[in-house]
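This report refers to the structure that appears directly beneath it.
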Number of protein chains: 2
Amino acid sequence: MTARRGGLPTMHDVGRLAQVSAMTVSRVLKNDPGVSTATRERVFAAVDRLGYRRNQTARSLRLGGSGMIGLVVTNLANPFYSRLALGVQEVATEYGFRVLLSNSGEQADREPELIDGLVDHQVEGLIVVPAGSRQQHLAAAMRHVPVVFAARPPAGLDTDCVLVEDFHGARQATARLLADGHTRVAFLGNPPALYTGAERLRGFWAAHEEVGVEPDNALIRQGLVDSAAAERATLDLLEQAERPTALFCTNNRISQGSIRALYKADTTLPVAGFDDFDLSDVLGLPLTLVSYDADEIGRQAARLLVDRLDHRDAEPPPSRRVTVPTRVVRRGSPDRG
Amino acid sequence: MTARRGGLPTMHDVGRLAQVSAMTVSRVLKNDPGVSTATRERVFAAVDRLGYRRNQTARSLRLGGSGMIGLVVTNLANPFYSRLALGVQEVATEYGFRVLLSNSGEQADREPELIDGLVDHQVEGLIVVPAGSRQQHLAAAMRHVPVVFAARPPAGLDTDCVLVEDFHGARQATARLLADGHTRVAFLGNPPALYTGAERLRGFWAAHEEVGVEPDNALIRQGLVDSAAAERATLDLLEQAERPTALFCTNNRISQGSIRALYKADTTLPVAGFDDFDLSDVLGLPLTLVSYDADEIGRQAARLLVDRLDHRDAEPPPSRRVTVPTRVVRRGSPDRG
DNA sequence: CTGTTAGCGCATTCAC
DNA sequence: GTGAATGCGCTAACAG
């Protein structure tokens, strides 16, 4: 029963059946008041009979504007980004846009073709979590459509972006550990080339400076790309002569890797980390997590984009930077609260 | 610097700059051999200068076929579905398709408009995780494009689908608990109206019959829609006079809710459940999980769809049903392996 | 109230 | 090798 390519009914088909011109069908479908009730009903009947649907591709061509926005995330398998995507979805739908989704897999070299492909498909705007620091392709895309950066800032491009309080959150969580009396806090971080990596290290460092504790470089491990790397790094730290007495992890995967390492080593250490995650409260481990609403990053990014699209003919406003707040939560307190 | 609507260069613009007709530009861009090297170079130069990109909307209209497939999932925030989406992405990209994503939020009544919208956008095919059992709108969509069902089967529609071994997996995991000597296994399930809910209960039941144990109806709780509901149901079970000695949960969220309840009640019970999840191995709780590759469901669904699209002009093959295998894994064994 | 004309940007077909 | 005409499905602008 599946229609073959090209077999779809057109407005002319509907018109023929309803004994009117295609133009009248068009009017009926757009709820144009200037159509008699009788014809209107005949048209609707024909539409139903044929299962007719307006061809959005043709409309886009005619009207200009595809009704789509493009979203590029680095890793949809990470709950952080799937929630971000969900937030984008939510607002996009609200404003009548569809979302064309791409996943760069954190491979910066694949990103340009993904972006180009989305532009080819006439997306009216883009929301991008940039995978790398080379961003000329994004500058090129900005010649065509507005681009909003999410989770990571643009490098030298003048455009909107939505970030979390990376520095502040990291500083605050680290400060909690220090306030608890720790002086040997290990830092387990993602690649420092990433904005979030750098900012969160900065926050970690600042917290130390504020209380006059010198971070021990032997306890700083960066460039951890996944949970397994974090697990190895943590096990390594635990084998050192001078062990850390607490850990700070820069994201959910790293926290999870560290926790796995502690479990395997049958050790308990206080862990602080960026990103909350499922079951963090039932691990029986004192956790200090920087929590925030990942959906909200997507929502805000979509709002910034939609706002720009709504004012396309006006003078474009200066680029804006929105920050999604973080808050530090304590999880897995010994009293099983 | 962002282009205003309608300001994008066309083939004519490129042609004018390169002093050729639009037709020649078209030829160059499709690598048609019948163009002299000199003009070819002029055209490419003009393309670069203008930042020209072919308008995929116009191409779609002309060529028939948008190069997009639609994907509708019920809950992108659930890692299960975001991984499924990732699998779809992967295969779609491989075959040159883009993915137009929608999230039904498990609201069956929103699904029809989402589907219609995707069809309007001329998606060449659809992959759907149906939210409800009313599926006439999907039958309607099938008049336009092929539809592949994922994770849940079609109800009375003749079309491809990809499922996991719901019955088998549930039976096998339950059998493990029974083999361990349990005779009072509680069942914590999602709504039985959902295919997965019904099948997994069937598997649970079958495992009991096979060893001649009568399931206790007082231990069966269905209709749990989220983690919080599962937590409450579990706490309730624990307060019964005749407690269960083990739990079977029909999905990841339910398992997590049950685990949270056990944690709060400071109790340890063996838990079996469908779906593996992060950190399942470090909970210090004996878990028996039905594990499978969620990405693979998406990949297979995309392959079935692409295959149909590749043979649109031939006689459509009969509908196929693919099953993604499950395997039972033990997690959180006492020896911390 | 309804129909005709024209063109969105591109590629197929046919000329030269 | 290259260009001109034509139409994909739809709708704004103009008839009538």
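All of these numbers come straight from a predicted model, not from anything done at the bench. Protein chains get the first letters and strands the later ones, always in sequence-line order, with residue 1 at the start of each.
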If the threshold is 4.0 Å, N to carboxylate O, is there a salt bridge linking [X] and [Y]?
X	Y	value
Asp120(A)	Arg53(B)	yes
Glu106(A)	Arg152(A)	yes
Arg312(A)	Glu124(A)	yes
Asp293(B)	Arg299(B)	yes

Of the non-hydrogen atoms in [X] and [Y], which two are nearest, and what is the gap between them?
X	Y	value
His137(A)	Ile115(A)	CD2-CG1, 3.9 Å
Gln89(B)	Ser102(A)	OE1-CA, 4.0 Å
Asn103(A)	Leu86(B)	ND2-CD1, 3.3 Å

Could you check how far [atom1] of [X] sits from [atom2] of [N], rounded to whole Å?
X	N	atom1	atom2	result
Leu63(A)	dA6(C)	CG	P	20 Å
Asp32(B)	dA11(C)	CG	C1'	11 Å
Gln122(A)	dC8(C)	CD	P	14 Å
Asn55(A)	dG9(C)	CG	P	17 Å
Asn31(A)	dC1(C)	CG	C1'	16 Å
Leu29(B)	dA11(C)	CG	C1'	12 Å
Asp120(B)	dG9(D)	CG	C1'	13 Å
Arg53(A)	dG9(D)	CZ	P	17 Å

Quick one: is [N] close enough that its OP1 or OP2 comes under 4.0 Å of any side-chain N or O from [X]?
X	N	value
Lys30(B)	dC10(C)	no
Thr39(B)	dG1(D)	no
Arg62(A)	dA6(C)	no
Arg59(B)	dA11(C)	yes

I need the full list of side-chain hydrogen bond (donor to acceptor under 3.5 Å, both in side chains) pairs touching residues 38-50 of chain B, with sequence neighbours left out, sorted by first then second residue.
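As it turns out, the side-chain hydrogen bond (donor to acceptor under 3.5 Å, both in side chains) pairs with a partner in residues 38-50 of chain B, which skip direct neighbours, are Ser36(B)-Thr39(B).
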
Which of these nucleotides, [options], is closest to any side-chain atom of [X]?
X	options	value
Leu61(A)	dC10(D), dG9(C), dT2(C)	dG9(C)
Ser36(A)	dT2(C), dC10(C), dC10(D)	dT2(C)
Met11(B)	dT2(D), dA11(C), dA12(D)	dA11(C)

For Gln107(A), is the CD atom crowded, meaning more than 12 foreign heavy atoms sit under 6.0 Å from it?
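For Gln107(A), atom CD is crowded (more than 12 foreign heavy atoms under 6.0 Å).
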
Counting only non-hydrogen atoms, which of residues 19-28 of chain B are less than 4.0 Å from DNA chain C?
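Residues of residues 19-28 of chain B that come under 4.0 Å of DNA chain C are, in numerical order, Met23(B), Ser26(B).
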
Within the 4.0 Å heavy-atom criterion, would you say Thr57(A) contacts the bases, only the backbone, or no part of the nucleic acid?
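Result for Thr57(A) = nothing.
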
How is Ser60(B) classified with respect to the nucleic acid when contacts are heavy atoms under 4.0 Å: base, sugar-phosphate, or nothing?
nothing

Just report the end-to-end axis angle for the helix from dC1(C)-dG16(D) to dC16(C)-dG1(D), five pairs per end, to 10 degrees.
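Answer rounded to 10°: the end axes differ by 50°.
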
Tell me if a side-chain donor or acceptor on Asp160(B) pairs with a main-chain N or O of Arg320(B) at a distance below 3.5 Å.
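Yes; judged by distance alone, with no hydrogens or angles, the pair exists.
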
